[in-house]
Amino acid sequence: MIKFFRNIRKKLLAEGNTSKYLKYAIGEIILVVIGILIALQINNWNEDRKDRKLEKEFLVALKETLNRDLERNLASQKVNQRALNSMGILTKHIEQDLPYNDSLKHHFGAMSNFHFWDLSESVFESLKAKGLDLISNNNLRDSLALAYGNHNKSINFAGFRYHDYMDHAIFNIFNNHFKEAWGNAVNSPSATIMEPLDYESLKSNKEFMYFLKTLPNLHYYKLTTPLKDTQILLERLLFLIDKELKKLD
């Protein structure tokens, strides 16, 4: 092709036809520019195709991770609801001045059980390393950044604050009123027991009753609300990812 154009140029120069030569030269330049633009467009198309393929791979991986996080979140909420139920049973039992029965040791054990679950960050961190701009949908990209940024930090903060409150109770309240904290945890972590040293004196202990009545309130702010908000966020992210994956198919 280059030899063909060179021969044309030589012929025009040999004829001394300057006007035709200039027109040809301009035409050749235009063809070269068009060729470069087409090559760039093809290259851009190939790069975009590679980016969309990689985006899809990340979205599939994120979907798997978020589904696991949602399962753990819902499981945590069930554990925490059982703890709340036990708090209510204990409060009602004590306020009605009912006698001790063997089932209460299970409720004393369950009242302080709790789970909280933040978001697994490994896939998102890999995505960040590649560049969040790889996610073409602005809404989804912003939602992911929010979820794995401030929201995840707030879940951790709330959960660890509740954890600290329980630690304080074990060494400053439970130690004065129970034989041990979370008995049977080694054999069955979800079915711990706590036997009161003296149930009658426990019922009239102001410190313990304050703890028992305050615990559901703390539970609401540090566990129930953050976990429920996270569930809603996870479901929204999964919806957006499914929607985007359909576009990429």
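- The backbone N or O of Ile173 sits less than 3.5 Å from a side-chain atom of Asn175, completing a donor-acceptor pair.
- Two residues are said to be in side-chain contact when any heavy atoms from C-beta on lie closer than 4.5 Å; Asp167 and His163 meet this criterion.
- No side-chain heavy atom of His177 sits less than 4.5 Å from a side-chain heavy atom of Leu197.
- Arg82 contributes atom CZ, which lies 14.0 Å from atom NE2 of His106 (distance to the nearest 0.5 angstrom).
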Go through it in stages, so that I can follow the logic: the residues are Tyr165 and Arg161, the test is side-chain contact (heavy atoms from CB on, under 4.5 Å), and I'd like the CA-CA distance, side-chain angles, deciding distance and then a yes or no.
CA-CA 6 Å; Tyr165 192 70; Arg161 285 299 300 271; over 6 Å; no
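- With contacts defined as side-chain heavy-atom distances shorter than 4.5 Å, the pair Leu119/Leu234 qualifies.
- Of the possible donor and acceptor atoms, one in the side chain of Ser204 sits under 3.5 Å from a partner among the backbone N and O of Ser201.
- Heavy-atom minimum distance, Leu202 versus Phe178: CD2-CZ, 4.0 Å.
- Both Phe239 and Leu66 sit in one connected hydrophobic cluster of ILVMFWY residues. Membership requires side-chain heavy atoms under 4.5 Å apart, directly or through other members.
- Here the straight-line distance linking atom NZ of Lys203 with atom CG of Leu98 works out to 7.5 Å at 0.5 Å rounding.
- Contact of the Ser126 side chain with the Phe58 side chain is registered, since non-hydrogen atoms from C-beta on lie closer than 4.5 Å.
- For the pairing with Met209, the side chain to side chain contact (heavy atoms under 4.5 Å, CB included) check across Lys213, Lys206, Glu207 returns one residue only, Lys213.
- Counting heavy atoms from C-beta outward, Asn205 and Asn176 have side chains that stay 4.5 Å or more apart.
- By the criterion of side-chain heavy atoms lying less than 4.5 angstrom apart, applied directly or through intervening Ile, Leu, Val, Met, Phe, Trp or Tyr residues, Leu146 is not grouped with Ile135; the two fall into different hydrophobic clusters.
- The number of heavy-atom neighbours closer than 6.0 Å to NZ of Lys63, taken from other residues, nucleotides and ligands shown, is 12 or below.
- Atoms CG and CD, on Asn137 and Glu244 in that order, are 4.5 Å from each other to the nearest 0.5 Å.
- Side-chain contact between His151 and Asp229: present, with at least one pair of heavy atoms (C-beta onward) separated by less than 4.5 Å.
- The distance from the CG atom of Asp118 to the CG atom of Asn156 is 4.0 Å, given to the nearest 0.5 Å.
- In this model, a donor atom of one side chain and an acceptor atom of the other lie less than 3.5 Å apart for Thr192 and Asn113.
- Nearest heavy atom pair, residue Ala147 against residue Leu237, reads CB-CD1, 3.7 Å.
- No continuous path of hydrophobic side-chain contacts links Ile232 to Leu240 [ILVMFWY only; heavy atoms under 4.5 Å].
- The CG atom of Asp133 sits 11.0 Å away from atom CD of Glu55, with the distance rounded to the nearest 0.5 Å.
- Scanning both residues, Thr230 and Pro226, for their nearest heavy atoms gives OG1-O, 2.7 Å.
- Atom CZ of Phe174 sits about 4.0 Å away from atom CE of Met194, to the nearest 0.5 Å.
- Following chains of ILVMFWY side-chain contacts shorter than 4.5 Å, one can reach Leu70 starting from Phe124, so the two form part of one hydrophobic cluster.
- When hydrophobic side chains of Ile, Leu, Val, Met, Phe, Trp and Tyr are connected at separations under 4.5 Å, Tyr220 ends up clustered with Tyr221.
- Under a hydrophobic-cluster definition in which Ile, Leu, Val, Met, Phe, Trp and Tyr are linked whenever side-chain heavy atoms come within less than 4.5 Å, directly or via other members, Leu90 and Met166 are assigned to the same cluster.
- A ring-ring contact (aromatic ring centres under 6.0 Å, His included) with Tyr162 is found for exactly one of His168, His219, His115, namely His219.
- Closest non-hydrogen pair, Ser86 versus Met111, comes out as CB-N, 4.1 Å.
- Side-chain atoms of Tyr199 and Asn101, non-hydrogen and from C-beta on, never get closer than 4.5 Å to each other.
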In sequence, state the C-alpha distance, the side-chain angles, and the governing distance for Leu127 and Leu134, and then conclude on side-chain contact (heavy atoms from CB on, under 4.5 Å).
CA-CA 8 Å; Leu127 173 61; Leu134 190 65; 4.1 Å; yes
Between Ser120 and Arg68, is the side-chain contact (heavy atoms from CB on, under 4.5 Å) condition met? List the steps.
CA-CA 9 Å; Ser120 306; Arg68 285 195 298 269; over 6 Å; no
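- Proximity of a side-chain donor or acceptor of Asn73 to a complementary backbone N or O of Trp117 within less than 3.5 Å is not detected.
- Aromatic ring centroids of Phe108 and Tyr100 lie 6.0 Å or more apart.
- Taking every heavy atom of both residues into account, Lys222 and Ala158 meet most closely at O-CB, 3.5 Å.
- For the pair His93 (side chain) and Pro99 (backbone), a donor-acceptor distance under 3.5 Å is present.
- Under 3.5 Å, the side chains of Gln231 and Glu235 contain a donor-acceptor pair of N or O atoms.
- Heavy atoms only, all atoms of each residue included: Ile241 and Leu59 are closest at CG2-O, 3.6 Å.
- At a threshold of 4.5 Å between non-hydrogen side-chain atoms, the residues Asn80 and Leu84 do not count as touching.
- With hydrogens and angles left out, the side-chain atoms of Arg141 and Asn138 include a donor and acceptor closer than 3.5 Å.
- There is no side-chain donor-acceptor pair under 3.5 Å between Asn67 and Glu71.
- When the shell of 6.0 Å around CH2 of Trp182 is examined, it contains more than 12 heavy atoms from other residues, nucleotides or ligands.
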